[in-house]
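Input: a single structure, listed below in structure tokens.
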Amino acid sequence: MKAVTISSYGPVAETVTLSDVPAPAVGPRDVLIEARAAGVNPIDHLIVKGFMQPEGLAHTRVLGNELAGVVAAVGEAVTAFAVGDEVFARVDPRVGAAFAEYVAVDESLVAAKPATLSFEEAASLPLVALTAWQALTEQSRLLAGQRVLIHAGAGGVGAAAVQIAKHLGAEVVTTVSPDSIELARSLGADQVIDYRNEKFDEVVEPVDVVLDTVGGETQDRSFPLLKPGGTLVSIVFIQDAEAKKARWGVEANAFFMRPDGAQLTRIAELVTSGELRPVVRTVLPLERAADALTEVERGRARGRTVLSIAS
């Protein structure tokens, strides 16, 4: 089968290729998915550069962390899915291997694809939507009526978080670039801040929760905006977290999302009800994976980049 592999760690153009590799073995609890699309994420680029090294990459050399497709076979212990089902999944991050024509995924990580979405739209959701869901419902326990500041509300995680926060009944403030203001409003944001022309920490009233997807100075400037006892949740490292928690009287957690098929099913329900929609920016064929990774590396993209995989 065809798959996007990495030969070494370094520049994308030199290390990422479309290769012929063996089809994955199907274990008793595995769902073999004939992939139709795969989402491209910053984590994929970090792997190419060598900043992250999944355990399975040493064996498969196949990149990729999320996908949508059609069930081609199931293991003998699988009960929730059958051949022909349309599904999507965030694969085990220790293994990866979603940029391929066939992907074996544990049944517990798979969910039925929302019927209203194309494969490309569905493939853009698992990683970012699960990250947003876990940040808001588990890490910060956001409640109806609370105020949340979401940084980069037009990015992958941010766009999902704006919509999920609205579903939870929160008042949503977000920062975006000037060309993404209308998008953020259409996603449900109550207050949209143009971070290039406004200083968010000068115009935002105190909030209960901050979801930080940026880090660095943006993260530091967010702490004073939290109400006493509030929570900052970040998907990047928090420098001197304990000192900042003590200084501002708040909670601060950095976390890495986990794949979860049951939560992905809940996310699919939000799509079906119209409360969550994917934002796809670019769709490229599998053979242009290097171009897709380069686009993601540039960052600050409005919407997701997705690889389309021919059936």
Side-chain angles (χ1 to χ4, degrees), residues 33 36-39 41 65-69 80-81 85-91 98 105 107-174 176 180 182-192 208-209 211 213 233 235 255 257-281 302-306:
I33 303 172
R36 301 293 176 80
N41 296 277
N65 282 277
E66 61 183 343
L67 76 154
F81 302 98
D85 288 348
E86 295 185 351
V87 297
F88 67 149
R90 195 292 193 223
V91 303
V105 186
E107 178 184 27
S108 66
L109 310 184
V110 181
K113 179 183 80 66
T116 56
L117 297 186
S118 68
F119 287 110
E120 289 78 13
E121 290 171 325
S124 76
L125 276 178
L127 191 149
V128 297
L130 285 170
T131 300
W133 181 266
Q134 291 168 18
L136 297 175
T137 66
E138 297 178 351
Q139 298 292 320
S140 67
R141 296 181 176 86
L142 182 68
L143 300 175
Q146 290 187 322
R147 282 170 50 83
V148 57
L149 169 61
I150 298 170
H151 286 299
V157 173
V162 167
Q163 298 174 84
I164 291 171
K166 290 302 295 183
H167 161 73
L168 295 172
E171 180 182 351
V172 179
V173 183
T174 191
V176 297
S180 297
E182 291 307 314
L183 171 62
R185 287 175 177 158
S186 75
L187 296 176
D190 299 289
Q191 181 181 358
V192 182
D208 300 280
V209 173
L211 175 52
T213 64
V233 180
I235 61 173
F255 85 108
M257 61 78 61
R258 69 183 188 281
D260 187 313
Q263 289 187 353
L264 198 54
T265 296
R266 183 72 186 94
I267 287 163
E269 292 170 355
L270 297 184
V271 172
T272 301
S273 67
E275 297 174 89
L276 176 64
R277 63 180 174 92
V279 181
V280 176
R281 175 186 176 91
R302 181 174 64 179
R304 300 296 316 284
T305 299
V306 176

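- Considering only heavy atoms from C-beta on, Leu67 stays 4.5 Å or farther from Phe88 through its side chain.
- Looking at residues two or more places apart in sequence or on another chain, you find a salt bridge (Lys or Arg N to Asp or Glu O under 4.0 Å) between Arg185 and Glu182.
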Next item on the list: Under the side-chain contact (heavy atoms from CB on, under 4.5 Å) rule, what do Val91 and Leu109 come out as? Steps first, then yes or no, please.
Entry: CA-CA 7 Å; Val91 303; Leu109 310 184; 5.6 Å; no
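- Put simply, the side chain of Ile267 reaches to within 4.5 Å of the side chain of Leu276, judged on heavy atoms.
- Partner of Pro126 under the side-chain contact (heavy atoms from CB on, under 4.5 Å) criterion, chosen from Met257, Gln263, Arg90: Arg90.
- Listed by first and then second residue, the side-chain hydrogen bond (donor to acceptor under 3.5 Å, both in side chains) pairs that reach into residues 155-173 are Arg147-Glu171, Lys166-Asp190, His167-Arg266, His167-Glu275, sequence neighbours excluded.
- Side-chain atoms of Gln146 come within 3.5 Å of backbone N or O of Leu143 as a donor-acceptor pair.
- In this structure, Lys113 does not pair ionically with Glu121, as no charged nitrogen and carboxylate oxygen lie closer than 4.0 Å.
- Side-chain contact between Thr131 and Ile235: present, with at least one pair of heavy atoms (C-beta onward) separated by less than 4.5 Å.
- A 4.5 Å side-chain heavy-atom check between Thr305 and Asn41 finds every atom pair outside the cut-off.
- Contact check for Thr174 versus Gln191: no side-chain heavy atoms found under the 4.5 Å cut-off.
- Contact check for Leu149 versus His151: side-chain heavy atoms found under the 4.5 Å cut-off.
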